[in-house]
Structure formats: C-alpha cells, structure tokens
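For reference, the structure is listed below as structure tokens.
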2 protein chains.
Amino acid sequence: MEDQAALARDDHGQIIFDVLAQACPSRETMEHITSRWGILALIALSEGTYRFNALRRRVSGVSEKMLAQTLQALERDGMVHREAQVTIPPKVEYSLTPLGREAARHLYGLIEWLEGEMPSVMDARAAHDRSRAGA
Amino acid sequence: MEDQAALARDDHGQIIFDVLAQACPSRETMEHITSRWGILALIALSEGTYRFNALRRRVSGVSEKMLAQTLQALERDGMVHREAQVTIPPKVEYSLTPLGREAARHLYGLIEWLEGEMPSVMDARAAHDRSRAGA
DNA sequence: CGGCATCCTCTAGGATACTG
DNA sequence: CAGTATCCTAGAGGATGCCG
C-alpha cells in the first residue's frame with residue numbers, strides 16, 4: 001500500500017495527500033461548495049442574478065435558514081457576491097463571482113455526467129439488490 | 001426571473017431544471033459521491049485497490065462505521081467494486097469500477113482547482129471578516 | 001423583503017462492544 | 001480482519017415569530 005500511495009503522488013502530485021489529511025484547510029471550503037444546498041445554490045446562481053426569495057423558490061426544498069447560512073458561507077469564501085440596497089422594502093441581489101462561476105462550472109460537469117450515467121446507476125442498484133435478495 | 005430560468009434551459013438543456021427539482025433521483029447519488037466521506041473514499045480508491053482497514057487509515061479521520069456505510073452506498077450505486085475472500089482472517093478488497101473512476105476524475109478536477117484557488121479563498125475570507133469587523 | 005433569533009426534531013456520525 | 005449492533009452526542013435543518 002506504500003507503493004500505491006507513492007504511485008498516487010507520482011501520478012497526481014501533492015494534492016491527493018493534502019485532501020486526505022484532515023487538517024487540510026480546503027476541506028472546509030470543499031464542504032461548503034459540495035454541501036447539499038451549496039451545490040444547488042451555485043448551480044442556480046450560474047443562471048444569473050437572483051434576489052433572496054426568488055433564489056429560494058428556484059432551489060426547491062431549501063429553508064430560509066439554510067439558504068441564508070449557505071449563502072453566507074459562500075460569500076465569505078468569495079464564491080458569491082451580495083449586493084444589498086438599503087431601501088424599504090429591502091432588495092438584496094446575489095450573483096456569482098468569477099471564482100464562484102468556476103466552481104459552478106466544475107459542479108455542472110459532475111452533474112451533467114451523473115445525469116447521463118443514471119441509467120447505469122439504476123442498473124447497478126437493481127443488480128445489487130437482486131443479489132442481496134437472492135442470498 | 002422567468003427569463004432567467006428559460007435562459008438557463010436554453011444554455012444548458014434540461015439538466016439544471018432536473019437537479020433543482022427535489023424529486024430528482026440523481027440527487028441521492030450526487031449526495032453519496034459528494035458527501036464528506038464519499039469524496040475522500042473515491043479519491044483514495046483512485047490510487048488503487050485497498051483493503052478495508054488500509055483504506056480507513058488512508059482516509060484519515062473516518063470512523064469504521066462511516067466508512068462501511070459510505071462504501072456500501074457507493075457499491076450499490078455501481079461506483080465501487082467489493083471483492084471478498086471468505087477466509088480466516090477475512091480479506092476484502094475495494095476498488096473502483098469504471099463508473100467510479102469517472103466520478104473520481106470529476107471530483108479530482110474539482111479538488112485540484114480548489115487547491116489552486118485556496119489563496120484567493122483565504123484572501124476573500126480575510127477581506128470579508130475585515131469589513132465585518134470594521135462595521 | 002430579507003433577514004436574525006429561538007425552539008424543536010432528526011439524523012449524521014463517533015465510541016464501544018461483540019461476532020464470524 | 002471486516003464488519004454488525006448499540007448507544008449517545010453534536011450539529012443539520014425545519015417551523016415560527018420578530019425586526020429593520
């Protein structure tokens with residue numbers, strides 16, 4: 001297994017080792033963008049600018065609290081831009097920063113691939129469940 | 001906002017809409033592979049075959065329970081191949097299926113990009129915290 | 001409208017002990 | 001070694017109410 005670790009470093013560089021170590025600072029950001037609502041917020045915002053409640057309607061199933069929380073984390077990480085007009089009623093617009101657009105692009109590729117492979121996934125599940133039932 | 005949704009569909013096709021809807025069957029698989037331990041297990045296994053405890057040591061911080069649970073979900077989704085020898089002591093080897101290798105490749109791209117952008121993220125955080133403190 | 005704050009629930013996830 | 005089963009806690013996440 002030492003060989004495998006060494007091989008991995010040769011193939012891919014240092015990155016793999018970093019991520020698998022727990023003190024890695026990127027784990028936190030990674031979890032922000034790959035969290036349940038983080039992914040969906042980024043994908044939704046890749047469509048364009050949204051106001052808070054419009055975004056909430058777009059990302060179906062998200063609660064007010066979780067959306068606010070998610071957006072704050074993404075804003076702090078520099079993925080989301082928040083533009084607030086202090087009027088009555090208030091108007092707050094959310095959009096992606098260049099960094100956020102890159103993140104969304106990566107996530108988009110993953111989703112697109114997965115959607116295409118879902119038939120394979122469903123087949124694998126059926127086969128798996130069948131062999132379990134048969135045993 | 002209707003225009004934005006329509007625009008998104010034109011640009012990217014049906015996929016965005018599917019994912020943002022909650023009944024979407026791919027959300028579940030998506031969460032398996034982008035979950036905290038799902039990502040790390042896939043990345044680790046992209047290095048090669050691992051036995052259970054070796055994998056657990058490789059993915060630092062994962063508990064026995066969560067690793068077993070994660071691997072079962074990924075196996076059922078057809079991402080991970082499990083090869084068990086019924087000997088004493090038992091020997092179980094885990095590796096990626098072609099599907100799993102593709103998933104790992106996408107995740108790897110995301111991680112690699114994020115690692116490279118971490119300085120920007122840290123800067124954004126510092127700026128954000130500073131403006132909050134100043135206000 | 002866009003939020004905090006509060007309360008409550010439920011599950012992800014860790015620790016421990018046991019089994020084949 | 002590779003799990004399963006049990007117990008328990010911490011945090012995710014929803015519902016509600018209030019404020020600028």
Side-chain angles (χ1 to χ4, degrees), chain A residues 1 4 20 22-23 27-41 44-45 49-76 80-95 128 131-132 135, chain B residues 1 4 20 22 27-41 44-45 49-77 80-95 128 131-132 135:
Chain A
M1 68 197 90
Q4 287 169 348
L20 294 177
Q22 54 195 153
R27 263 203 201 182
E28 192 189 343
T29 304
M30 192 64 178
E31 282 167 22
H32 290 162
I33 70 184
T34 62
S35 72
R36 192 173 175 196
W37 305 120
I39 298 178
L40 298 179
L45 284 175
T49 299
Y50 275 101
R51 293 182 62 175
F52 186 85
N53 280 308
L55 183 58
R56 200 183 152 205
R57 264 173 264 123
R58 186 81 185 101
V59 180
S60 78
V62 70
S63 71
E64 179 185 292
K65 178 183 163 186
M66 289 316 298
L67 184 57
Q69 194 171 302
T70 301
L71 288 172
Q72 279 165 19
L74 292 176
E75 188 197 355
R76 198 171 98 95
V80 162
H81 176 66
R82 178 179 183 274
E83 185 104 28
Q85 294 174 30
V86 205
T87 56
I88 294 182
K91 182 175 182 177
V92 182
E93 294 195 320
Y94 291 93
S95 57
H128 185 262
S131 73
R132 282 232 142 189
Chain B
M1 68 198 92
Q4 286 169 350
L20 294 177
Q22 57 196 147
R27 264 203 200 182
E28 192 190 343
T29 305
M30 192 65 178
E31 281 167 22
H32 290 162
I33 70 183
T34 62
S35 72
R36 192 172 175 197
W37 304 121
I39 298 179
L40 298 178
L45 284 175
T49 299
Y50 275 102
R51 294 181 61 173
F52 187 85
N53 280 310
L55 183 58
R56 198 181 154 208
R57 262 172 266 122
R58 186 79 184 101
V59 179
S60 79
V62 69
S63 70
E64 184 183 284
K65 177 184 162 185
M66 289 316 298
L67 184 57
Q69 194 170 302
T70 300
L71 288 172
Q72 280 164 20
L74 292 177
E75 189 198 356
R76 197 172 98 95
D77 287 346
V80 162
H81 176 66
R82 178 179 183 275
E83 186 105 29
Q85 293 174 32
V86 206
T87 55
I88 295 184
K91 182 174 183 178
V92 182
E93 293 196 320
Y94 290 92
S95 57
H128 185 261
S131 74
R132 282 233 144 190

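Since the model is a prediction, treat every value here as computed from it, not as a measurement. In the text below, chain A, chain B and the rest are named by the order of the sequence lines, each starting its count at 1.
Between B/M66 atom CE and D/dT4 atom P the separation is 13 Å, expressed in whole Å. Rounded to a whole Å, the CG atom of A/L71 is 15 Å from the C1' atom of C/dC1. With rounding to whole Å, A/Q85 atom CD is found 11 Å from C/dG2 atom P. Going from atom NZ of A/K91 over to atom C1' of C/dG3 covers 17 Å, rounded to whole Å. The separation between B/L55 atom CG and D/dG3 atom P is 11 Å, rounded to whole Å. Across the protein-nucleic acid pair, A/Y50 atom OH and C/dG2 atom P stand 14 Å apart, rounded to whole Å. In this structure, A/R82 places its CZ atom 12 Å from C1' of C/dC1, rounding to the nearest Å. Computed from coordinates, the A/N53 CG to C/dC4 P distance equals 13 Å when rounded to whole Å.
No contact: A/E93 has no heavy atom under 4.0 Å from any strand.
Distances shown here put a side-chain N or O of B/Q72 below 4.0 Å from the OP1 or OP2 atom of D/dT4. Under 4.0 angstrom from either OP1 or OP2 of D/dG3 there lies at least one side-chain N or O belonging to B/Y94. Side-chain N/O atoms of A/R51 include none lying less than 4.0 angstrom from OP1 or OP2 on C/dC1.
Rounded to the nearest 0.5 angstrom, B/R51 CZ and B/R57 CZ are separated by 9.0 Å. Atom OG of B/S35 and atom CD of A/E31 lie 9.5 Å apart (nearest 0.5 Å). Atom NE2 of A/H128 and atom CD of B/Q72 lie 7.5 Å apart (nearest 0.5 Å). Taken to the nearest 0.5 Å, the CD atom of A/E93 stands 11.5 Å off from the CG atom of A/L55. Here NE2 of A/H81 is found 12.0 Å from CG of A/L45. Values are rounded to the nearest 0.5 Å.
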### Query
What pattern of brackets, bars and dots sums up DNA chain C from 5' to 3', given Watson-Crick or G-U wobble pairs under 3.5 Å, [ ] for crossing pairs and | for another strand?
.|||||||||||||||||||

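Annotation for A/R27 and B/S60: closest pair NH2-O, 3.5 Å, computed over non-hydrogen atoms. Shortest non-hydrogen contact noted between B/W37 and B/V59 is CE3-CG1, 4.0 Å. In terms of heavy atoms, A/A41 sits closest to A/L74 at CB-CD1, 4.4 Å. What you find for A/A44 and A/R58 is that their closest heavy atoms are CB-CG, 4.1 Å.
For the segment residues 29-40 of chain A, the set of residues with a heavy atom within less than 4.0 Å of an atom of DNA chain C is empty.
Counting only residues at least two apart or in different chains, salt bridge (charged side-chain N to carboxylate O under 4.0 Å, His left out) contacts with residues 82-92 of chain A are absent.
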Identify all side-chain donor-acceptor contacts of residues 62-71 of chain B below 3.5 Å with residues at least two apart in sequence or on another chain.
unit_1	atom_1	unit_2	atom_2	d
B/S63	OG	B/M66	N	3.2
B/T70	OG1	B/M66	O	2.7

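Shown here are the side chain to side chain donor-acceptor pair (under 3.5 Å) partners of A/R56, two or more places apart in sequence or in another chain: there are none.
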Using the 3.5 Å cut-off, write out each protein N or O paired with an N or O of nucleotides 15-20 of chain C and the distance between them.
none

